[in-house]
Structures are given as structure tokens and as C-alpha cells.
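So that the names make sense, note that chain A is the first sequence line, chain B the second, and so on, each numbered from 1.
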Amino acid sequence: MTNTFNKVSESIRNASVWQQKYREIMLLGKTLPSLLTALKIDDALVPGCESKVWMYVEFDLTENVLVVAGDSDTRIVKGLLALILALYNGLTPEQVLQVNAYNEFEKLGLISHLSPSRGNGIKAMVEKIQTMAKQKLI
Amino acid sequence: MTNTFNKVSESIRNASVWQQKYREIMLLGKTLPSLLTALKIDDALVPGCESKVWMYVEFDLTENVLVVAGDSDTRIVKGLLALILALYNGLTPEQVLQVNAYNEFEKLGLISHLSPSRGNGIKAMVEKIQTMAKQKLI
Amino acid sequence: MATILANNDNVDITMPELKFDITRVRHDFPTLNQSINACPLVYLDSGATTQKPQCVIDTTAKFYTDENANVHRGRHTLSENATIQYENVRAQTATYFGVNSNEIVWTKGATEAINLVANGLRKQVTANDTIIITPIEHHANLVPWQVLAQQTGAKLAAMPLNKDGTFDTELCLKFIKKQKPAIVAISHASNALGNITDLPAIIECAKSLGAIVVVDGAQSAMHLKPNLKILDCDFYVFSAHKMIGPTGVGGLYGRYELLNALTPYQTGGEMIQTVTLYESVYRDAPAKFESGTPNIAGITAFGAALSYLSQFRHAEIFEHEQAVFNYAHSRLAKIDGIYLYSSIKNNIGTLCFNYKDEHPFDLATLLDGYGVAVRAGHHCTQPLMAHLGINGSVRASFAFYNNYSDVDKFIDALQACIAILD
Amino acid sequence: MATILANNDNVDITMPELKFDITRVRHDFPTLNQSINACPLVYLDSGATTQKPQCVIDTTAKFYTDENANVHRGRHTLSENATIQYENVRAQTATYFGVNSNEIVWTKGATEAINLVANGLRKQVTANDTIIITPIEHHANLVPWQVLAQQTGAKLAAMPLNKDGTFDTELCLKFIKKQKPAIVAISHASNALGNITDLPAIIECAKSLGAIVVVDGAQSAMHLKPNLKILDCDFYVFSAHKMIGPTGVGGLYGRYELLNALTPYQTGGEMIQTVTLYESVYRDAPAKFESGTPNIAGITAFGAALSYLSQFRHAEIFEHEQAVFNYAHSRLAKIDGIYLYSSIKNNIGTLCFNYKDEHPFDLATLLDGYGVAVRAGHHCTQPLMAHLGINGSVRASFAFYNNYSDVDKFIDALQACIAILD
Ligand SMILES: Cc1ncc(COP(=O)(O)O)c(C=O)c1O
Ligand SMILES: Cc1ncc(COP(=O)(O)O)c(C=O)c1O
């Protein structure tokens, strides 16, 4: 289930110094396709971020799997978004609830990016994903 | 100039324990005639006191001396008022400015009653007396 | 085991043995262990502000020594950590009151919290509305409603109160049904008398008529630790400094939809989504009520206060407070010439009294000579004093760090003061 | 003696020798002496909040340990002493700003102080009035005026601003004369850019036309220590936490008659003269603006902060800050690809910049890896960012406890970050 994620995050995990870690995160961000401009609307912005983070979280009704899309005007947040996408995209609601983004970010030494500070939208995204998965299961 | 005051405050000065000091203050308060009810009006109240303190500070125009009158519904404040009256009543503006109520109260161990706390009106009275004396001299 | 001290006047004075480790607790509150006027301090002014345990003092110092930074702003480690702590205390507070984190707004105190609600409701109130207040309210839960009434034309109606300062619940319910209020503003416990209000019945009745119920919890937040979802009020305010926390911190609980529907009271940075020169879009609660730099050190230290409280079961604290209060009430009641206005039943631990026609100011001044700290005056409850037919009173208010010995010293001092006055 | 470091690009980089005992000063601020991410902390976020000297920390702890009591209430020693201290700090603050004690109102911060003024003027403002704001304002000095304009129908007019974020005083004066404003709300120094506003000319012009001038002094109160009687503004707001004081404390200076004429913003206890159930009579300023229990520990500690500052001549502090800032500005300006928005002249010591088209968030995040604390974003000045044509920036803001070595570490770290990004 976290196969994609493990692969995607390997270079981050293997980074020997923090500088390298951030380089890898930003490289990862570059591999994430940009959102279509038409989707970069204010309604999709995560409120309260100093950076701009657009976020879409939906369930594909036919497949019953999560579809997450996002973009950011910062390179680091975009890389972190790519990690979240790798972690959750294509999972069923049951699978979503078994994934703990906090643990995964902790293992990568990136837990501070999931802090309640309003500085980035990653935490909001994770919370939205989990809430939606729970709602699906009710 | 502070003759009356020295006489009036003698028993307070000589009190051996604080209990005795307060007894003497309250006795002194009893000797102070009450204000006429007609003078106990809200406009004469010192604002912000938890106790009621009425205060009148005037200059007798013919004699050019200070006339202070006051009353309080508490026994301790009334006694302290009596001390202030003994200190200032009948003085000319020049004489008023030579009297330092803070020093006198300090000597009697009563300085805390001249604190900026809003609990009693003594400090307000002293300030009003001094302001009026200064204005007279301009 | 209970010791019976005296039994004249048909009043039992009992001192139940206490399981609470009061010696250790008193040790945790450094301010208590001092002398005032060469007497050991007997602090009976917790209704005005409580003392603080060492952990609150240490947490404040630690914040400024190692952790100081602004929250929700900087993209740097100190700021991130300060933000995490700050938000953790919000969660801790929400847990304490049994509500959700996003239903807690930080303010500088209970007074600001009530102003936030009263001001925030302005657009929802019309001249046809009635706001119920009560004669026991602290001015903080009175003047803001007077202002709201003036601004909207709404009517203020005062809840009926018994002569002795207690509520007759049946009468109150009748009154509420008759008034059909839009808002009911009421204290959970009176700061002057300590009497606890029978809120569940009142809240149920008011809400069944569609009223918004605003509870002033300044005095109840620590003594009663209410679960606000069970109490079922719409808004509830508290002050940290009356809960062994720091000064300059308070809070508002609001049922989320109602909270989010309030117009912001204070505007500025951090509460906005977007700002142009001529207009702004606000964020959702609680952010939109928290413009400006908050009392970060204070809120962090309030977390320590809540942690301190959470080491006890609340029932333990309450039982201890009640035992000490009952003992104090009984002993005070036995003194000739004492008028005691606080009920002994349903009381958070406050004695409101006078001696003969002596002025409370004189009594309090003399008590201070014996190291006993009480408050004298109208206790910011002028309408209640008028209702009781007095100008003011002496108030001795207890907290869980008081013990039987405090009561003995207080009563001894009081008798000595009476001897001076008589 | 001045060391010239480099002289390419025709910019002198000088490091004047400093008389200021910076080593001792840095020792007094414990937070500075720590490591972040295994690097010594370089704290360049004083514009958000300053660090606190040991005496402020100790005074807070001492208050809670020995002196804690509510003010203006209890008739007991602890309360009297707390009140004396509390009022002494008001006097100390008045002295710092060259004004009278009764012209200082305590608030929880600059944001609350501006809200107090904007809200308090409501009854004096009509739909025919114009309120001048400026594009450099912090949201705290913008949104409250937007609210006032909405509520009264008054017109908001934005002062002209040069492309580079500086004011052209002549243009401003012309604008003021044309607008004939009732109120001018303006910052003494920009929090985003650090640029100092040419206030004397603006204030003189505005007041000659009968306008009330409200100055946001959040950023200038410490760096510039203005004498407010000489500055001659009508209102001035400040935050203690930006003046090496505690969080949760701020204040408002108001020319007494104007101050006393404001409608109270917050109502409750201690601000009233008499209260009946249905109406209240307020006291005079400053009391009528200080309902509720204030941040007593905070205000007491702010006194320690002012005492700390008063050991230096202000010119000493200013000269030191300017030397470090000039050095930083010059070094930063030399880095290829840097856009620097802060003017080097008339600046309180703030660098607002971007690197190429990199996002300030990324730059700040990486700088934090090197222990450099800066802020990234719009700095609560969205209209200014829009004016400059940017979404945000990195802000490095200095205080008198920064030294040349901080600048060197900052520039080295920045170059390392650039290497990661490029
Ligand atoms: C210029 C300016 N005005 C107002 C404020 C608001 O101050 P506070 O957050 O302390 O209320 C700030 C601080 O961020 C500021 O820099
Ligand atoms: C019942 C009640 N309400 C409100 C308040 C106001 O609280 P604060 O002064 O902390 O704002 C108090 C405290 O004096 C109180 O006892």
C-alpha cells in the first residue's frame, strides 16, 4: 500500500544531510505535474497559509478510491505535497485510515512540516483526507 | 505650622502596636464633625473609592487660607481625613506647598494609605490640595 | 473520621479528615508561604485571583528563556515550536471543558470574552428582542449587555432573585417563559456570594425557547470544572488567572456554528484571509477572533496550570474545598453580630459577610494587620449589593490550597479585629 | 576606526567600531545563546517579537512567587503592593514617551489599542468624513479603519506611495490638504520594510486641518523611542513584546481630552463609577478603558524592560542598530539575484528581500536549517506587497542585541541556501 510512497521517498530517506533532504524534496516537487490554471482558484486555497497551496480531495465514485491533487507556489511545499499524494492517491477509504502520515513524516525527519502552524497546508490536507475517508465509511 | 498636626497625631505616633495605632486613628475620626447631609452629595465623592469619601477643598478668599472638609463612611478613612485636615486646614498656599503629607504619613507608619490604590480617597485629597495651592500661586 | 468542635447553636462544626495532600499542595504555591505584617499569610482572596503553582512560574520563565517567538508567523524553529505549544494548550483547554479545540478562543480575560460575545451578537439582535440578565452578575456580565441593549434597542429584563440572593428555579423558569428572551446572560457562580446557580434547568428552558445562553464561568471554571457539552450552554467565558494560571489570559467557549456566526470584536493581523486597502475577508473561528499577537507566554503557562490541576481527580479538589468552606461558614456563623450573606449549600467556597454596622473597609484593613487577605467593597456587583440592602461587604474566598488552619487564623483574627472595633 | 570590508560595486561596506557593550547585552538575553539545528541561533525576527532580557524573566517569576494579587481591589497588603507597582509602570511608560501617566491606557497589544481608538471614535465620525490610511500599514492599522468606515459611511482614502514603498512627503501633504481628513492613521515605521515615515511634516499638516492623527508605533516604540509630545500625534499605540517586554501587554497613548472623549471599547468591572441593573456611569480615562483584570504580571515585567532600556542612552542603542543594519544591508545588496525592498536610509533595521523568483517560504525554511530565524510571507501587509508587485518576501529584522557576527552568519547561510536552490 505504501509501496509508491516508499519508492518516492527513498532518496529523501537516504539523504545524508538536511540540505540534501530538501534538495530531494524539491526535486520530487518538480516531478509533480502542475495543477491546471483553471483549478488554481481561490476556493481551492488552503486558508491561512503564507504560501499558496491548492488542494483537491475527492473520492472516485466508480472505483471507490481517493483522488488527491494539489499544487503550491513554493518548491518545498510542492515536494511535500507530492509525498502526500504518493501516500494516499488511489487508496480505498479503509486503506486511507490505515496510513498514518504523521508516522511516515516522522520517519523521514519531516514531522515539523505537519505542525499546527499555519505556515503550510500539508496538515490541512492530511486532515481533510482522513475526514473524507471516515465519512465514506459511515 | 504643623503644630495642630503634631498634637493631633501624637497618640498615633506613640502607639506601641499597630492595633493601638488604628484605635487612635478611629478615635480621631470620631472627633471630626460629620459633614452636613446636604454636603454629602455624589458630586463631592472621590471617584473610584470602595468606601465613600466626600471631599471639599477651597480657598477662603478673604483670608487666603485653605479650607478643607471631608467625611467618610469608614472609620479608618475618616481618621486619616482628620489627619489631613489637621495638616492643611488654615494654611496659606505658600505654607501648603511646604507641607509634605507623604513624609508625615511615612513618619506615622501610614504611608500605605497614600498608595495609588483606588481603595481610599486620601491620596486624591492631598493631590487636590497641592494642585489648588499651586494654582493660587500662579 | 470527623472531629466535632462545638455544637452550641445547634450547628455542627465538622472537620472531616482529608485525603487531599494539602501540605504538598501548599508547598507548590510559593506565594502562600510568606508573612504579611509579621503574620503568616492567610490568602482568602482567590475570588479576585488565585495563586500560582511553581510549575506555572517555571513554564513562564522557560518560555522566555529558551522558547520565545511569535506564533503562526515565522517559518523558523522557535516560531514553529511556540505555535505547537500554543495550539496544544488550546486542545488541553478544550479537553478540560469537554469541547472541541476550534470552539475555544483566546482572550485577555473573562471580561474581554463577554465583550466579544455581546459585541459579536450585535447584528443578530433587534429592538424586538429581550436579553435576560440577573441581579447577581459581576459588572463584566452586565455592562456589555447594557451597551448591546442601547445599541440595538433590545430590552433588558432582570431575572427574579430571592431576598437572600438565591434563585428560585421555578420562578426563573416562569420568568424565562414569559420573556421569551433572545439571550440569557447568567453566572455559573456568584463572585460576591459564591452561590452556585441551578444552570441545567435554566439552560434547558431558555434553549427550548430558542434563546442563546451565555454563561459567565469566571468563578466556576476551576471550582466546578463543568463539562460544557453536558451543561449545554452556547457560550462560556473564563479567566486563567482565577484558575491558578497567569494574568492576561482568558477564553471563550462557543458552540461552533454560533461562535463562527459572531462578528469579530477585534480586527487586525492573523484574523484575515485577504486584505486590500478598502476591504477584507475574515477567516473562520477561532482565528477570526484572535487578531494581533496573543499572550503566548501566558497561554503556554496556562497549559502548565491545567496540567497541575489534572493530577487530581476534580472530585478530590471539590471535596477538600467544600470541607474547608463548610468549616469556615459554620465558625463564622457563630460569631455574634455577623451578617452572613452566602448560602452554605451550593457554594463554590465564598463567605460574604459584614459585622454589625461596621464598614467592610475597616474590617478588611484590620484583618490585613493579621496577615489575612480578604476583599472589601461591592465586588463589582453593585446591583446585588443594592438587592441585599448593603453598600458592600467583606468577602473571604477559598481555593483548594486553603486548609483548616487558614480558617482558624481567619476566625481568630476576625475576633481580634472585632475587639479593636467594639 | 572603521574597517572597510569590500568596495566593489561602488558600495562601501563599513563596520564602525562600537562603543556599545554588545557581549554583555547578548549575555542578558538567554534565548539568543542557544543552538538551532546544531547552529548558533541568529535571531532576525525581532520585528515579529523581540527577545527578553533576564530581568524581565526574573521580574515575572518574582511577581508570581512573592507578590501575586489582583490590583485596585483588595484592601490587603499584596493587593496594595501590586497596585503600586502596576501604577508605577504606567508612570515609567509615560516618562519613556514623554507624556502624562493618565494618558497611558494598558491594552493586550498594539492591535487592541488601535481597535480601542477606531471603535472609540465611532460616535464622532460621520458619513461626510474621510479617513486617510496608507498602503504600508500592517493589517492591524487597516482593518479596524475599514470597519469604522463601514459602520459610519466614512470614506477611506489611501495616501500616495512611491513605487519603491517610500513616501514622497510633498505629495503626501498635498493629498492631505485635498482630502481634509477627519482622521489620519499611519505607521511610524513599516513592519515589512523598516522604512521610517516622515511623521513630523505629516502630523503638522494633518493637525492644522483639524484631523486626529493616530500613529501605529508598534515598530518604532523601541527603535526610535519617540517623545510623543514633540511628535505631537493625538494617539500612539505600542506592543510591549516588541520592546523586550512580555507578551500580552500593549498600550495606547492619547492626548488626554481626546482620549477621555473616546467611547469605551470594552466594558465591565473597574471601569465604572456606578452600575444599576439597567445603566452605568463610566469613570474617566484611563480607568474607563481598563475593565477587567489586567495582565498584572506582564505589566510589572514591562517595567523591568523599560528599566533595562533606560540604562543606555537611546542614541547608543540606535547607533549600534544602525551600524549593524547598514552592514547587513550593504552585504545583502551585493548578492547577485537579490531584490532588496527596504531603503537603507531612514530605516529601523529591517531587510525585506527576495532572491530571484524563489518563494520566500523556501528561502526561510532553508535559512532555518542554518539556525537563522527570519520571517517569510506578506508580513500582515498584503496591500504593500501588492503595491510592490510581489506575493511576499523574506524579512530579516534586527534589534540592538544583534551584532556583526549575526550578519556574517546570515549572509553565509543565505549563500548556502542559494546554492541549494540554484
Ligand atoms: C506595524 C505594526 N502594527 C501593529 C502590529 C500589531 O501588534 P500586535 O500583534 O502586538 O498587536 C504589528 C506587529 O505585528 C506591527 O508590526
Ligand atoms: C463572576 C465574574 N465575572 C467576570 C469577572 C471578570 O474577570 P476578569 O477580571 O478576569 O476579566 C470576574 C472577576 O472579577 C468574576 O468574578
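- With a 6.0 Å radius and a threshold of 12 heavy atoms from other residues, nucleotides or ligands, N64(A) has its CG atom above the threshold.
- Only the side chain of N391(D) comes within less than 4.5 Å of a heavy atom in chain A; its backbone stays farther off.
- For K30(A), the NZ atom counts as loosely surrounded, since its 6.0 Å shell holds 12 or fewer non-hydrogen atoms of other residues, nucleotides or ligands.
- Atom CG of N14(A) has more than 12 heavy atoms from other residues, nucleotides or ligands within 6.0 Å.
- Under a 3.5 Å cut-off, the side chain of D362(D) and the backbone N or O of T74(A) do not form any donor-acceptor pair.
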### Query
Passes side chain to side chain contact (heavy atoms under 4.5 Å, CB included), T365(D) versus V77(A)? Steps please.
CA-CA 10 Å; T365(D) 302; V77(A) 176; over 6 Å; no

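- Residue Y339(D) places its OH atom among 12 or fewer non-hydrogen atoms of other residues, nucleotides or ligands, all under 6.0 Å distant.
- I420(D) CD1 to Y22(A) OH: the interatomic distance, rounded to the nearest 0.5 Å, is 9.5 Å.
- Note that OH of Y370(D) is 3.5 Å distant from CD of Q19(A), once rounded to the nearest 0.5 Å.
- A donor-acceptor pair is defined here as one N or O able to donate and one able to accept, closer than 3.5 Å; no such pair exists between the side chain of R75(A) and the backbone of E358(D).
- Within 6.0 Å of NZ on K52(A) lie no more than 12 heavy atoms contributed by other residues, nucleotides or ligands.
- Heavy atoms of A419(D) lying under 4.5 Å from chain A belong exclusively to its backbone.
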### Query
Please walk me through it: do W18(A) and L366(D) pass side chain to side chain contact (heavy atoms under 4.5 Å, CB included)?
CA-CA 9 Å; W18(A) 66 264; L366(D) 296 177; 4.1 Å; yes

